[in-house]
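Notes follow the structure.
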Amino acid sequence: MRPAAENMFNWSREDPSHLFYQTGGRRPFIARAEGVYIWDQQGRRFLDGSSGAMVSNIGHGNARVLEAMRAQMNATTFGYRLHFENEPAERLASVLSKLAPTGLDRVFFASGGSEAVESCIKLARQYAIAKGEPKRTQVISRFPSYHGSTFGALAVTGYAPLNDPFAPMIREMPKIPAPTAYLDRDNLSDEARGCRYADMLRDKIEETGPENVLAFIMEPVGGASTGALVAPDSYYQRIRDICDDYGVLLIYDEVMTGVGRTGTFLAAEHWGQSPDIIALSKGLGAGYVPLGAMIARRDIVDAVVSGGGFMHGYTYAGNPLACAAGLAVIQEIFDADLMANTAHIGALLKRRLEDLMTEFPFIGDVRGKGLLLAFELVADRETMTPLAKELNVFAKLVEYAYEEQLIIYSRRTRGGHEGDHFLICPPMVTNETHVDEIMEKLTKSLHRLAADLKLPVNG
Ligand code: PLP
């Protein structure tokens, strides 16, 4: 029976949780956060070595963003887009169009990464219809990959534990292997390997029937599913060329890589690439608000709009509060020169992680760009054989680090079945002292893991 209104809001920390996403053990309650640190209600301080889920790019509690949000809240928090235009949304769209590659200057807002990815796929589809190519329905993607949790985004995601329960309900989309060149033990040059992986897209388009292929979606630097996977340089332009050859749209999912995380505003800039459509989220709202965006080529949007309009939308799309926060996030990144810091600190942190390979022979690989970094643990570095999956190393090391008050993020590397990688992605405000602290806590955690599992450690 429903309690009386005066009892409805009674609650104690000791009550069992009603949130069923709290799997595993309970976590401490968060109290406050500032910069790279988060405090729990017991006063313990954690270093946020993964920016949450690679979200809090500019650090916690940024005064400029909070002030911009307060000012916007005092004016209005919501105005429905069909009833009013709002200045923060217009301003943010204007900034994003200037930061995107030439020709991509049409912006559509969402409230998260999955929503942004859904928007990209639907826009691509409506463009094909507008161009008189209605047979184009297939969106090729990579395995492993992660593009989101909604059905459309899941159809292009390649991570078995997330896909499997829903596979019978989803129209399966074609996949090509992610460019895991670091696992290859052949005699090819890096350049040849990059081309080999890219050519798998050509083969898949031919196999699917070029007339059926709508788009190819990829994370320019891999995220959770691959652990900061970077393809050989030759891969990127070759992929662009193949898409052009077949009239296939190239979608970059920059939900994790975008907004400065890799040291440039978009990861695409590292390779001078211009995709046709881009998805952004995480670092755009940066933990202050739920916010996502799609940036698309003007001619694609024009064709869809003149063909009757984009048949898609979200209630909170482009709401003034989220956009005011996103705008302040980008201003902060430029004013505080956080992308230069990300490139500098990212390179330092990567070197320090590589140094750990001497002490811990079970670190098989260190990879990534900027402050999107990861390392992978293996049973044998020569063959890159994963550690036995029953050991659950991906969960164990995270727990040891948590006990050291360092937060890191892990997933299974090899398609979600086995393999253990750990993302080290602190906020873009990380300094050299923070790097020392991360390394000290991480080294202790690795020693505890090695002692627990009897893994070899060098002097
Ligand atoms: N795309 C990529 C590359 C991601 O990393 C994520 C989330 O981790 C998503 C899409 C989905 O974003 P969200 O969880 O905000 O829906």
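We count ligands from 1, going down the list as the structure has it; atoms in each ligand are counted the same way. Everything numeric here is computed off the predicted structure, so don't read it as measured data.
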To the nearest 0.5 Å, what is the distance between CG (Leu96) and NZ (Lys98)? 10.5 Å
Give the residues near ligand 1 by chain and number, with the criterion being a heavy-atom distance under 4.0 Å. Gly112, Gly113, Ser114, Tyr146, His147, Gly148, Glu219, Asp253, Val255, Met256, Lys282
Can you tell me which residue pairs pass the salt bridge (Lys or Arg N to Asp or Glu O under 4.0 Å) test with a partner in residues 153-173, sequence neighbours excluded? none
Please check if any side-chain donor atom of Asn392 sits under 3.5 Å from a side-chain acceptor atom of Arg412, or the reverse. yes
Under the side-chain hydrogen bond (donor to acceptor under 3.5 Å, both in side chains) test, residues paired with Asn163 that sit two or more places apart: none
Please report the C-alpha distance between Leu266 and Ile278 in whole Å, then the side-chain angles of each, then the deciding distance to 0.1 Å, and finally whether the side chain to side chain contact (heavy atoms under 4.5 Å, CB included) criterion is met. CA-CA 9 Å; Leu266 297 172; Ile278 298 170; 3.7 Å; yes
Return the set of residues passing side-chain hydrogen bond (donor to acceptor under 3.5 Å, both in side chains) with Thr413 (not counting sequence neighbours), or none when no residue passes. His421
